[in-house]
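Hydrogens, waters and symmetry mates play no part in the numbers below; they use all other heavy atoms, side chains included. Counting starts at 1 for both ligands and their atoms, following the listed order.
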Amino acid sequence: MLATDFKEQVLKLKKERNAVILAHNYQVPDVQDVADFTGDSLALSRNAAATKADLIIFCGVHFMAETASIICPDKKVLIPDLEAGCSLASTINADELAAWKAEHPDAAVVSYVNTSADVKALSDYCCTSSNAVKVVNSIPADRKVLFLPDMFLGAYVAEVTKRKDMYIWPGECHVHAGIKAEDINKMLATLKNADFLVHPECSCTSSTMYHMAKGDISQKAHVLSTEGMMKHARASDAKQFVVATETGILYRMKKDNPDKEFIPVKEDAVCKYMKKITIDKVYNSLVHDVYEVKVPEAVAAKARLAIDRMLAIS
Ligand code: 13P
Ligand code: SF4
């Protein structure tokens, strides 16, 4: 079958099965085209929580589908490919977190949503890139914080909140860690009027903030989640945007803003895990009911507390 035929079949089956298709902003265009909703991790969680559908086809990576299963225990959640993992989520497991907590027994644990359900179950709060600052600010200033697993997001949050007693797990996402300050500076030097959008997971984020404070970078950097970038692109008067994140987001940016130009800092900033989900696999999911992501209730109940605390704050 051609991609267009798969798309037609997916739209038909989706109705028949009362299914909803949720897609992350990094998904391939064919998948975004059939999605009921495309957004960042936080917006996808909110949508999963609000849906009336019986079935959720989660087009993103595994921890995101787990989050949907935790939030909606009575709904069936399917991910079209079980190999859609996340290099960042893999940097810490439950045993490692338990050992870290034992070293700091009084600390509040804040886990970025890019973590397994087992890790969330050992956390006090969950956060995403769009609400990490808010979540950390909600914790009393004199309480120690363990922040995991992204060191660049952690450094960014520590800088913005001016938190003194914050310990950061040394994890990173291979895609965002590869976006360096040199890439940014080279590009911004030739695009003086462009707005500069940067994801807080990028390795350039902390150094970008430092250089901005020193006045070395003239353009103001907008440190935003993927959905924050979408909103900024829509609202800004700028005609050119330099984008420092996974390039899948450019499809939606260009589609929603045909009169504006979006330039990736790094053409090869591509998440191979996100790209595991293809339209034929979405079709296969709907036909064969695969692959179910179900978090055991004992783990889900604890993880839900951390997610609910986040949703209540943001
Ligand atoms: P967002 O929450 O900003 O969409 O980020 C999720 C992610 O995996 C970034 O790599
Ligand atoms: Fe994980 Fe990085 Fe891919 Fe996001 S871009 S899903 S953090 S590996």
Trainee: Do Val61 and His24 have side-chain heavy atoms sitting under 4.5 Å apart?
Mentor: no
Trainee: In this structure, does ligand 1 have an atom that sits under 4.0 Å from one of the heavy atoms of Cys173?
Mentor: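 No.
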Trainee: Classify the contact between Thr128 and ligand 1 as side chain, backbone, both or neither, using a heavy-atom distance cut-off of under 4.0 Å.
Mentor: neither
Trainee: With Val243 as reference, evaluate Ile263, Thr226, Ile249, Val265 under the side chain to side chain contact (heavy atoms under 4.5 Å, CB included) test and give the passing residue.
Mentor: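 The residue from Ile263, Thr226, Ile249, Val265 that satisfies side chain to side chain contact (heavy atoms under 4.5 Å, CB included) with Val243 turns out to be Ile249.
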Trainee: I'd like to check whether His199 has a polar contact with ligand 1, where a contact means an N/O of the residue lying under 3.5 Å from an N/O of the ligand.
Mentor: yes
Trainee: Is it true that Ile279 and Tyr291 fall in one hydrophobic cluster, defined by side-chain heavy atoms closer than 4.5 Å?
Mentor: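 Per the 4.5 Å side-chain linkage, Ile279 and Tyr291 are co-clustered.
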Trainee: For Ser225, counting its heavy atoms only, list the atoms of ligand 1 lying under 4.0 Å from any of them.
Mentor: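 Reading through ligand 1 atom by atom, the close ones are 3 (O).
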Trainee: Using 2.8 Å as the cut-off, note every protein N, O or S atom close to atom 2 (Fe) of ligand 2.
Mentor: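 N, O, S partners closer than 2.8 Å: Cys173 SG.
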Trainee: Can you tell me how the ring of His104 sits relative to the ring of Tyr167, calling it parallel under 30°, perpendicular over 60° and tilted otherwise?
Mentor: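 Tilted: the ring planes of His104 and Tyr167 meet at 30° to 60°.
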Trainee: Quick one: sort the His176 and Tyr26 rings into parallel, tilted or perpendicular, breaks at 30° and 60°.
Mentor: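 The arrangement is tilted - the two ring planes meet at 30° to 60°.
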Trainee: Does ligand 1 have an atom that lies less than 4.0 angstrom from a heavy atom of Glu246?
Mentor: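 It does not; every heavy atom stays at 4.0 Å or beyond.
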Trainee: Could you identify the single nearest non-hydrogen protein atom to atom 8 (O) of ligand 1 and state the distance to 0.1 Å?
Mentor: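 Scanning the protein heavy atoms, the shortest distance from atom 8 (O) of ligand 1 goes to Asn114 ND2, 3.2 Å.
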Trainee: Assess His176 for proximity to ligand 1: is some non-hydrogen atom of it under 4.0 Å away?
Mentor: yes
Trainee: With heavy-atom distances below 4.0 Å as the criterion, list the atoms of ligand 1 near Asp40.
Mentor: 1 (P), 2 (O), 4 (O)
Trainee: Indicate if Ile79 and Ile307 have the same hydrophobic cluster label, given that clusters are the connected sets of ILVMFWY residues with side-chain heavy-atom separations under 4.5 angstrom.
Mentor: no
Trainee: Quick one: closest heavy-atom pair of Pro264 and Thr247, and the distance?
Mentor: CB-CG2, 4.0 Å
Trainee: How many angstroms lie between atom CG of Leu44 and atom OG1 of Thr67, to the nearest 0.5 angstrom?
Mentor: 9.5 Å
Trainee: How long is the straight-line distance from CE of Met1 back to CD of Gln9, given to the nearest 0.5 Å?
Mentor: 5.5 Å
Trainee: Using a 4.0 Å heavy-atom threshold (strictly under), name the region of Tyr112 that reaches ligand 1: side chain, backbone, both or neither.
Mentor: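 Near ligand 1, Tyr112 shows its side chain, while the N, CA, C and O stay back.
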Trainee: What do the steps show when you test Leu311 against Leu42 for side chain to side chain contact (heavy atoms under 4.5 Å, CB included), and what is the final call?
Mentor: CA-CA 8 Å; Leu311 292 175; Leu42 179 63; 3.9 Å; yes
Trainee: What are the atoms of ligand 1, with element, lying closer than 4.0 Å to any heavy atom of Glu201?
Mentor: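 Result: 7 (C), 9 (C), 10 (O).
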Trainee: What residue and atom, counting heavy atoms only, is the protein's closest point to atom 6 (C) of ligand 1, and at what distance?
Mentor: Ser41 OG, 3.3 Å
Trainee: Is there a side-chain contact between Leu2 and Lys7, using heavy atoms and a 4.5 Å cut-off?
Mentor: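 No, too far: nothing below the 4.5 Å cut-off.
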